[in-house]
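I am attaching a structure below and will ask some questions about it afterwards.
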Amino acid sequence: MTSHFFWNGDPVAFQPGETIAAALLRAGLADLGQPSNVPGGRVFCGIGACQACVVAVMGAAPVEACLTPAREGLRLGSLPFVGAQHA
Ligand code: FES
C-alpha cells in the first residue's frame with residue numbers, strides 16, 4: 001500500500017521513513033513557492049539550518065520539510081497556506 005500526503009491539495013506518495021522534502025523532490029515538486037530567505041522556497045541546506053523549506057501544515061505550525069517525516073494524510077502547502085483545494 002502506498003502512503004500519501006497532500007501538497008496544495010494534490011496527493012504525493014511517500015516511502016516509509018521519508019521526509020516531506022524527499023517525497024516532494026521525488027515527485028518533481030522542487031519549488032515550494034513561499035517567500036523565504038532563499039529566493040523561491042526550496043530545499044537548500046537539507047539539514048534544518050536555512051528554513052528555506054518551511055511549509056504550511058493544516059491545523060498545525062509550519063515545519064521544515066527537510067527534517068519532518070511524511071505522514072499519511074498530512075495536508076501541506078506553500079506559505080501562506082490556502083487550504084486543500086482538491087482533497
Ligand atoms: S532546506 Fe534548509 S532547513 Fe530545510
Side-chain angles (χ1 to χ4, degrees):
M1 183 173 117
T2 304
S3 299
H4 293 84
F5 59 81
F6 295 91
W7 174 251
N8 290 329
D10 294 323
V12 175
F14 67 91
Q15 302 298 315
E18 197 169 37
T19 64
I20 292 166
L24 289 172
L25 289 173
R26 191 165 37 73
L29 299 166
D31 181 359
L32 303 181
Q34 83 275 18
S36 69
N37 60 342
V38 177
R42 62 188 171 103
V43 178
F44 183 70
C45 72
I47 59 171
C50 72
Q51 281 74 54
C53 69
V54 172
V55 296
V57 182
M58 181 180 272
V63 298
E64 294 158 325
C66 72
L67 297 179
T68 306
R71 292 195 330 255
E72 179 67 35
L74 273 178
R75 296 185 186 279
L76 308 167
S78 304
L79 291 172
F81 194 47
V82 294
Q85 292 87 7
H86 305 296

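Every number for a ligand or one of its atoms is a count from 1 in the order of the listing. We use all heavy atoms of the structure for the numbers below, so side chains are in, but hydrogens, waters and symmetry mates are not.
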> For atom CZ of Arg26, is the number of surrounding heavy atoms from other residues, nucleotides or ligands below 6.0 Å larger than 12?
Replying inline: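 Enclosed: over 12 neighbouring heavy atoms sit under 6.0 Å from CZ of Arg26.
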> Do Asp31 side-chain atoms and Arg42 backbone N/O form a donor-acceptor pair below 3.5 Å?
Replying inline: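 Pair absent, no side-chain N/O of Asp31 close to backbone of Arg42.
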> In terms of hydrophobic clustering (I, L, V, M, F, W, Y; side-chain heavy atoms under 4.5 Å; direct or indirect links), are Val55 and Val43 co-clustered?
Replying inline: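 Unlinked, Val55 and Val43 end up in two clusters.
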> Would Phe5 and Asp10 count as a side chain to side chain contact (heavy atoms under 4.5 Å, CB included) if you check the C-alpha gap in whole Å, the side-chain angles of each, and the deciding distance to 0.1 Å?
Replying inline: CA-CA 8 Å; Phe5 59 81; Asp10 294 323; over 6 Å; no
>> Evaluate Cys53 against Leu32 for side chain to side chain contact (heavy atoms under 4.5 Å, CB included), listing each step before the verdict.
In response: CA-CA 7 Å; Cys53 69; Leu32 303 181; 3.9 Å; yes
> Which protein N, O or S atoms sit under 2.8 Å from atom 4 (Fe) of ligand 1?
Replying inline: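 Near atom 4 (Fe) of ligand 1, below 2.8 Å, one finds Cys53 SG, Cys66 SG.
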>> Applying the side chain to side chain contact (heavy atoms under 4.5 Å, CB included) criterion to Val63, which one of Thr19, Ile20, Val54, Leu74 satisfies it?
In response: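 Going through Thr19, Ile20, Val54, Leu74 one by one, the side chain to side chain contact (heavy atoms under 4.5 Å, CB included) with Val63 is satisfied by Ile20 alone.
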